[in-house]
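Notes follow the structure.
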Amino acid sequence: MTTKDHETTPLLEVRGLSKEFPVGHFLNPKKVHAVEDASFAVKRGQVVALVGESGSGKTTTLRMIARLIPVTRGEIFFKGTNVVKSEPRQASLDYRRQVQYIFQDPFASLNAVHTIEHHLARPLIIHKKAFGRQEVHEHVCDLLETVELKPADVIASRYPHQLSGGQRQRVAIARALAVDPELILADEPISMLDVSIRMGVLNLIHRLKEERGISFIYITHDLASARYIGDDIIVMYASHMVEGGSSDAIMSQSTHPYTKLLLSAVPDPRASLRTDKNGKARGEVPSLIDPPPGCPFAARCPYVKPVCRKVMPAPVTVAENHWVRCHLLAGK
């Protein structure tokens, strides 16, 4: 690959990614359609935010990319290589080094019986990033200082229960950084933290992107944090990606009724970020076991048309780096 190809090829590209979980018993087998036809790309040094309510398929998408669960259909290209075909059963050690995962619950992701130094030393040793006790310890302290946990020697000797939630999440970030990853998958990394310390973690992610060129896929329910940290935003609803584009485009020129519904909950005084008085959504999220035909948001959409209940809308480009799946745009 030439230097020019290296710069233009996305670091990660997902094409038609789908995941189905079998449920029920052998006499009445059924499937949960957790993710349907997810497609997007992540450039080098970019933060892509996946936004949507619980059950929309955000975490399942992330876990397929991390190769923690198998893919039902679709392709995952990392630096131009289809990892689903090249590593059908389990991701290689090299892929796991380059693609790291930060879990939502910082306490559950750390072993309570081991010190912080143990958690950070293991990836250094496994991936041969440091050799000998002294060198490993120095690397551990450097990692802790990178995520602004000081004094590093004191923090390294502590156990997870001796740290606050924000400190534990910074340890989880440091562990991800230990192996020099190119892509970090952050699964709602601030949702279990106090509001007062969330901004510090978001600023740390932004600094790592700017200083180290690390790409991030950032999952959240909160469009406000997605706008703050994300270069691009993709909105998911009921296992489908319904709208995507640059952060500014999604926040100021949202088109899909569901995106407008999410924006109406964002504390922002600007009227342009709110749905109009008649744009209230009612109803329930459709079943993921027996999904109805057509647009998944049809049952709740205040602008629903007969075609919406029959045909899934295709992606429509509404502006540069801004697309939407909605029949309201199909005829324009």
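Contact check on Asp37 versus Arg325 returns a salt bridge, with a Lys/Arg side-chain nitrogen under 4.0 Å from an Asp/Glu carboxylate oxygen. Asp231 and Lys43 are not joined by a salt bridge, as no carboxylate oxygen comes within less than 4.0 angstrom of a charged side-chain nitrogen. Taking 4.0 Å as the cut-off between side-chain N and carboxylate O, Arg73 and Glu36 count as a salt-bridged pair.
The environment of NZ in Lys31 is sparse: at most 12 heavy-atom neighbours from other residues, nucleotides or ligands sit within 6.0 Å. Within 6.0 Å of CD in Glu320 there are 12 or fewer heavy atoms belonging to other residues, nucleotides or ligands.
The cationic atom of Lys128 (NZ for Lys, CZ for Arg) does not lie both less than 6.0 Å from the six-membered ring centre of Phe131 and within 45° of the ring axis.
Under the 4.5 Å side-chain criterion, counting only non-hydrogen atoms from C-beta, His221 is not in contact with Ser191.
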(request) Test Tyr228 against Asn203 for side-chain hydrogen bond (donor to acceptor under 3.5 Å, both in side chains), laying out the working first. (result) CA-CA 9 Å; Tyr228 181 80; Asn203 287 336; 2.4 Å; yes
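In this pair, Phe78 and Tyr95 present their aromatic rings perpendicular. The plane angle is above 60°, beyond the 30 to 60° band.
Between Gly244 and Ile250, the shortest heavy-atom contact is C-CD1, 3.7 Å.
A donor-acceptor contact shorter than 3.5 Å links the side chain of Arg198 to the backbone of Ile190. A donor-acceptor contact shorter than 3.5 Å links the side chain of Lys58 to the backbone of Gly52.
Under the rule for a salt bridge (Lys or Arg N to Asp or Glu O under 4.0 Å), Glu188 has no partner lying at least two apart in sequence or in another chain.
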